[in-house]
Amino acid sequence: MGEKGRGFLVILCLCLPLLVHSQCNRKPVVFNFGDSNSDTGGFSIGLGLNFGPPNGRTFFHQPSGRLCDGRLIIDFLCENLHAGYLTPYLESLGPNFTNGANFAISGSSTLPRYKPFSLSVQALQLLQFRARSLELISKGYKDLVTDEEFNNAVYTIDIGQNDLAGSFTYLSYTQVIEKIPSMITEIKNAIWTIYKHGGQNFWVHNTGPLGCLPQKLATTTKNASDFDQYGCLQPLNNAAKEFNEQLRTLCEELRSEMKNVTIVYADIYSIKYDLIAHATNYGFENPLMACCGYGGPPYNYNPNTTCGQTGFNVCNEGAKYISWDGVHYTEAANSIFASKILSTYYSTPQTSFNYFCTS
């Protein structure tokens, strides 16, 4: 694509969250599973630990349980459906589950199984949530998700980054690659569990370019040959690509094995990598540097003084950074990611995000 064409796409993507809204024929219900990329407060509530300032400064103007300065991708997707932000499953005071629930917990992974809050545990929580909801409805309770709505809901899954990141701390590249099939099996098991209990609509995100995270760039032992043309670590990105290829294959297999099911595979890797590689075209600066952290250029990340800890520094509010704290993305970046998801160009099959509430 030429620079003129890319410029048009940039303008389109920047406008999408504001201009394109999904029209649903029935109430959109979303159940989300994952890690900190889509955790809207589950970790904070579950462990009683607050993510303090400057988290939340951009949109909520206070900490919101998100590891971000504002909204996450899942928040923008819910806005697009005219649905409320997803309430964490663990919320005990004033929860609103009328449009679904969020089971994502920061730090979660696919492995090991049954370790709070792995993907397998999140799937089990869904089953408990469903059984309890239907029980309460039978007793006359209102504003809960019905059996039909559970079946028609979309089940979004965004997990795998922590599996890969954690594995690289103690395994060689070859060993990490050998471990990927076990990770994919856990995602397969979770989707089958949901399917066997009526789930028909699945929206699956692959994992992003791990080797472009400031945290990994600042803390990984590397050689000059490890870097790609944009300054990212190729071995880590290659592992993410292998994970994604196996996840894509899984989605293809499940489509052929399951009846009356839609499984959309969204290429988040390409979306995120494109923004990092062409940051200036999108109006961003310092694509490999954390907005909030310590140490200054080139990455502004120090594991001993992370965002919010004594001594940290933070970029000016309104500065267009891609990385928020070295691991998570800024609201500005998440807005672009959501725009591209909504464009359908990165989805297989090429399906609108609102498909589950329009048919």
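Counting only residues at least two apart or in different chains, salt bridge (Lys or Arg N to Asp or Glu O under 4.0 Å) contacts with residues 121-131 comprise Arg130-Asp147. Counting only residues at least two apart or on different chains, no salt bridge (Lys or Arg N to Asp or Glu O under 4.0 Å) pair has a member in residues 202-221. Every pair passing salt bridge (Lys or Arg N to Asp or Glu O under 4.0 Å) that includes a residue from residues 110-123 is listed here, sequence neighbours excluded: Arg113-Glu186. For the ring pair (Phe, Tyr, Trp, His ring centres under 6.0 Å) condition, the pairs that include at least one residue of residues 306-330, sequence neighbours left out, are Tyr329-Phe337.
Residues passing the side chain to side chain contact (heavy atoms under 4.5 Å, CB included) test with Pro116, sequence neighbours excluded: none. By the salt bridge (Lys or Arg N to Asp or Glu O under 4.0 Å) test, Glu242 is found to be paired with no residue, residues two or more places apart in sequence or in another chain being considered. Remark: Cys315 engages Cys291 in a disulfide (SG to SG under 2.5 Å) (not counting sequence neighbours). Listed by chain and residue number, Glu245, Glu252 satisfy the salt bridge (Lys or Arg N to Asp or Glu O under 4.0 Å) test with Arg248 (two or more places apart in sequence, or in another chain). Remark: Ala239 engages Phe168, Tyr173, Val176, Ile177 in a side chain to side chain contact (heavy atoms under 4.5 Å, CB included) (not counting sequence neighbours). Qualifying side chain to side chain contact (heavy atoms under 4.5 Å, CB included) partners for Asp226, counting only residues two or more places apart in sequence or in other chains: Lys222, Asn223, Leu233, Pro235. By the salt bridge (Lys or Arg N to Asp or Glu O under 4.0 Å) test, Lys259 pairs with no residue at all, sequence neighbours left out. By the side chain to side chain contact (heavy atoms under 4.5 Å, CB included) test, Pro95 pairs with Thr87, Glu91, Phe97, sequence neighbours left out.
For Phe117 and Phe103, the gap between ring centers reaches or exceeds 6.0 Å.
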Query - Residue pair Glu253, Lys188: steps toward the salt bridge (charged side-chain N to carboxylate O under 4.0 Å, His left out) verdict - result: CA-CA 10 Å; Glu253 293 174 352; Lys188 177 181 179 180; 5.2 Å; no
Requested in this report: Let me see the working for Thr40 and Asn102 under side chain to side chain donor-acceptor pair (under 3.5 Å), right down to the final yes or no.
Outcome: CA-CA 7 Å; Thr40 54; Asn102 194 353; 2.9 Å; yes
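Of all non-hydrogen atoms in Ser36 and Leu67, the two that sit nearest each other are CB-CD1, 4.1 Å. Glu79 and Arg71 make their closest contact through OE2-NH1, 2.9 Å (heavy atoms, listed as atom of the first residue, atom of the second, distance).
The line from CG of Asp158 to OG of Ser108 is 11.5 Å long, rounded to the nearest 0.5 Å.
Judged by distance alone, the side chain of Asp69 and the main-chain N or O of Thr58 form no donor-acceptor pair under 3.5 Å. In this structure a side-chain-to-backbone donor-acceptor pair under 3.5 Å is present from Asn96 to Thr98.
Atom OH of Tyr141 has 12 or fewer heavy atoms from other residues, nucleotides or ligands within 6.0 Å. Within 6.0 Å of atom OH in Tyr294, 12 or fewer heavy atoms from other residues, nucleotides or ligands are found, so the atom counts as exposed in its surroundings. Glu148 CD: 12 or fewer foreign heavy atoms inside a 6.0 Å radius.
Ile157 and Tyr269 fall into different hydrophobic clusters, where Ile, Leu, Val, Met, Phe, Trp and Tyr are joined by side-chain heavy atoms under 4.5 Å apart, directly or via other members.
Of the candidates Leu81, Thr262, Thr351, Leu81 is the only one forming a side-chain contact (heavy atoms from CB on, under 4.5 Å) with Phe356. Of the listed residues (Trp203, Tyr346, Phe76), just one forms a ring pair (Phe, Tyr, Trp, His ring centres under 6.0 Å) with Phe353, and that residue is Trp203.
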